[in-house]
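Below is one structure; the comments refer to it alone.
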Amino acid sequence: MKYGLTRCASALALAVGISSWAAATAQESDAIQTSGPQESGGPQGSREVVVVTASKREETVQDLAVAVTAITSQARDELGLTTVQDYTNFAPGLDYSASNDRLGMRGISRATNNFGIRSGISNYVDGVYFSSAIPASRESIFTERVEVVRGPQGTLYGRDSIGGALNVISKRPTEEFEGQFNIGVESREGRRMELTMAGPINDNLRYRVGGSRTIVDEGYLTNVSGLETEGGRNDGYYLEGQLEGNLFGDRFEWWTRLGSLQWERKGLPGGRTSGDGQSPYDTRYAPPGSIAPNMYFAFAPGVGNTNIMQTGDVRNNFAIDDPRLFNTDKTHVAFLKPTTEGVFEAVWHADQFDIKYLGGYVHYNYNLQLENDGSPVQSFFNPLLGTVASAREADYNENRGWYSNEINIVSTGDGPFNWILGLYQYEEDYTQPVYSFTTSGPNLPYFSGATGTGIAPPMAVGRNTQSQPPQAISLQTITSNVGLNQAYGAFMQGDYQFNDQWKLTAGIRYSEDRAKTTEYGRLMCPNFCAPGLNVDLTRAIWSGVTTDPSTGLPVPTPGVQFTTPTNPAGTYIDPVSGHQVRLMKDVWDEITGTLGLDYTPDADTLIYGKWTRGFKPGGFGAASVGTNFSPRGSTKRSSTPTSLVSNARGTRTTPTSRRTSCSSTTTTKGTRCRTRSCRLSVRRSAPSSTCRRSKAWVWRSRTSGKPQTISASS
């Protein structure tokens, strides 16, 4: 029996280290987005220079009066950063829940994965909004840098950026041929391959192609029932292709990228991340709140249980002594079907300004299959209860597609006044069906219950092709949210440089968000509420109605459509499927902005103060999946969306005698957090969750067209 999760300090990410050495021989490139410490003389001779686009124009991170942490691909490999969770150790105020892919910043996050609720943190890949932080874990061979921009962001970033934004910037095509190939092995029977190539096609066209393949066959959690290990297992790939070109000399530039990500995981996100709890099994037949038997009752002593059908033969909780053990009759598996993403960027360089268009599209399809009763038992016989068969499974799905368009006009003149104007549009449609059903026992007669309609048995429709065939008679719950989100924004921001020391920044943004969701649900109680029957409890429990304690009258549900005095929850029964349904929609709009003053007493010090008002639109109180029809519909009425005002002051210093950059930020009235961070440009390796042994080949060609070959192994 093996347990992965071996911790080792590894300096074996040779690919980026060698690539950096090779890049030192090719310093003739006109546009370098990141560079290491500068060794030449001058006032910045010992200063670490990292160029970021957090303000939608290229600026060095040390000169930017924004709380931002830039993590370059080189830093990722030197420090062993491979996941978003790793970034939390280096970006103050950032937190991440890897098990359910929830990003938080400065204490702002969300408590549910329901699509009706907004996150408050924006994820961007090459400027295109992403609903998930998963792309931020993309291998460093494809990523130029990751920018953690702390919020609230009131002008340049709109959608869900009240807490901040996470920007992933891809490596782009190059004017000289280069390539990199990584191959390595990891603990827990893992192996990986990565390849990128980039270079010119002709004088006006360049390309980059790449791909990766990752397999980890053994998990760090062991199922004592004898099924597969789980935790950290992965079988996936990523492919991308890019083209970049220019027309009319350098007057017009364009770039496009297409990518595809797919994996099958027995672990994060969504899959099992820990063993059984370290307490004896709860062997009560019906713990409080149950609508199904507790299958661990099969192991209860002294009640005469016989004919116990289970996977394996373990009946004690071994996790009490080893937290990496669990005991179930199904392996949790998460699928990401090919998530296709595309982005197109075009820039027209006028004499005094640039006109930039950025558009993107993403299709996202996620499916999680998991065991839902937490035990290895399928059925057992009890003298008083008869045969008890209520082994349960669940099937969770996310199907999303979204696209966005943005136009920026950015000043490029040499005067003291720099400005940016922008228009933004976004649209997303989604479905989120979730099914919970029994997998053992007889087909039960359907009973509508005292408050049911009796018009139809529960039906399961629209499940993914990866899912098991629906078992309509044995379904316990069906919930689904089908919705459409639209967002629009217009903004402008300007900087006025009074002299070499003082600069004033001001910006304003108008944002409007429109959302509508159709919520479906069905709650059944098979063979538990009434022996031998599958009882419909939907209207009795998922009514969506709440009453005022002082009057006993129903309280209105904002955002819910078609409410009446006799139907205050606005729900109705679909005559075909038998599902309970309600429609919710709302509109939120807000004016936000920023005002700041920068003082630069010398080349190595920046002191700034900033006032910012952020905005997070409301959402729909559909609660968590499996418990739909919350009494609250819209979380905020249209005229009072959630907003956040912060006053921030900070300093950035770069001691010329050291390769160190330090910054501190104090934020009040909104996030109430105080952060200080330093970046040391020294090489060191941080422990990672796996041991890796790698070989890397990097090749570049500057003038001869013949590739230089560099190889290394460890």
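Fair warning: this is a prediction, and the values are worked out from it, not measured in the lab.
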Q: Determine, step by step, whether V434 and I478 satisfy the side-chain contact (heavy atoms from CB on, under 4.5 Å) criterion, reporting the C-alpha distance in whole Å, the side-chain angles of both residues, the deciding distance to 0.1 Å, and the verdict.
A: CA-CA 6 Å; V434 185; I478 304 172; over 6 Å; no
Q: Check step by step if side-chain contact (heavy atoms from CB on, under 4.5 Å) holds for H363 and R400.
A: CA-CA 6 Å; H363 181 263; R400 314 177 78 164; over 6 Å; no
Q. Would T592 and Y510 count as a side-chain contact (heavy atoms from CB on, under 4.5 Å) if you check the C-alpha gap in whole Å, the side-chain angles of each, and the deciding distance to 0.1 Å?
A. CA-CA 7 Å; T592 58; Y510 172 76; over 6 Å; no
(Q) As a quick check of understanding, evaluate side-chain contact (heavy atoms from CB on, under 4.5 Å) for T477 and Y435, giving each step before the final call. (A) CA-CA 6 Å; T477 64; Y435 306 88; over 6 Å; no
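Looking at N294, its side chain does come within 3.5 Å of a backbone N or O of D282 through a donor-acceptor pair. Not one N or O on the side chain of H332 forms a donor-acceptor pair closer than 3.5 Å with the backbone of Q369. Side chain of N485 to backbone of A515: no donor-acceptor contact under 3.5 angstrom is found. A donor-acceptor distance shorter than 3.5 angstrom exists from the side chain of Q278 to the backbone of A319, with no hydrogens or angles considered.
There is a side-chain donor-acceptor pair under 3.5 Å between N405 and Q425. Using modelled atom types, one finds no donor on one side chain facing an acceptor on the other under 3.5 Å when comparing R272 with S274. Inspection of the N399 and N397 side chains reveals no N or O donor paired with an N or O acceptor under 3.5 Å. Q432 and Y430 share no donor-acceptor pair across their side chains, judged by distance under 3.5 Å alone. Side-chain contact check for T517 and N481: no donor-acceptor pair (N or O, by modelled atom type) lies under 3.5 Å. Residues D329 and Q378 have side chains that bring a donor and an acceptor to within less than 3.5 angstrom of each other.
We find the CG-OH distance between D276 and Y296 to be 4.5 Å, quoted to the nearest 0.5 Å. For the atom pair Y488 OH and L423 CG, the distance stands at 12.5 Å (nearest 0.5 Å). To the nearest 0.5 Å, atoms CG (L156) and CZ (R509) are separated by 8.0 Å. Summarising the geometry, atom OG1 belonging to T328 is positioned 11.5 Å from atom CG belonging to N372; distances are rounded to the nearest 0.5 Å. Here the CZ-CD1 distance, from F491 to I591, works out to 15.5 Å after rounding to the nearest 0.5 Å. D536 contributes atom CG, which lies 4.0 Å from atom OG1 of T538 (distance to the nearest 0.5 angstrom).
No salt bridge links K516 with D586; every basic N to acidic carboxylate O contact stays at or beyond 4.0 Å. A salt bridge links R613 with E590: the distance from a Lys NZ or Arg NE/NH1/NH2 to an Asp or Glu carboxylate oxygen falls below 4.0 Å.
Side chains of S279 and I320 form no contact here, defined as non-hydrogen atoms less than 4.5 Å apart. Within the 4.5 Å cutoff, the side chain of V333 has no heavy atoms near those of the L368 side chain. For the pair Q493/T505, a side-chain contact is recorded, criterion being any heavy-atom separation below 4.5 Å from C-beta on. Contact check for F562 versus N567: no side-chain heavy atoms found under the 4.5 Å cut-off. Inter-residue side-chain proximity for Y403 and E427 is flagged as met; some heavy-atom pair is nearer than 4.5 Å. Side chains of Q580 and R522 form no contact here, defined as non-hydrogen atoms less than 4.5 Å apart. Between Y520 and R582, the closest side-chain pair of non-hydrogen atoms is not below 4.5 Å. Put simply, the side chain of N305 does not reach to within 4.5 Å of the side chain of F299, judged on heavy atoms.
Closest heavy-atom contact between A298 and F380: CB-CD2, 3.4 Å. Of all the heavy atoms in S404 and V128, the pair that sits closest is OG-CG1, 4.0 Å. Smallest separation of non-hydrogen atoms from T594 and T155: CG2-OG1, 3.4 Å. Listed here is the closest heavy atom pair of A391 and V377: CB-O, 3.6 Å. Nearest approach of N382 to V303, heavy atoms of both residues: ND2-O, 3.1 Å. Contact between L595 and A506 at its shortest, heavy atoms only, is CD1-CB, 3.9 Å.
Ring centers of Y426 and Y129: under 6.0 Å apart, within the cut-off.
Listed by chain and number, the residues in a salt bridge (charged side-chain N to carboxylate O under 4.0 Å, His left out) with D513 are R118, R159 (sequence neighbours excluded). Partners of F130 according to the ring pair (Phe, Tyr, Trp, His ring centres under 6.0 Å) rule, which considers only residues two or more places apart in sequence or in another chain, are W402.
Ring pair Y396/Y366 is perpendicular by interplanar angle, where above 60° counts as perpendicular and below 30° as parallel.
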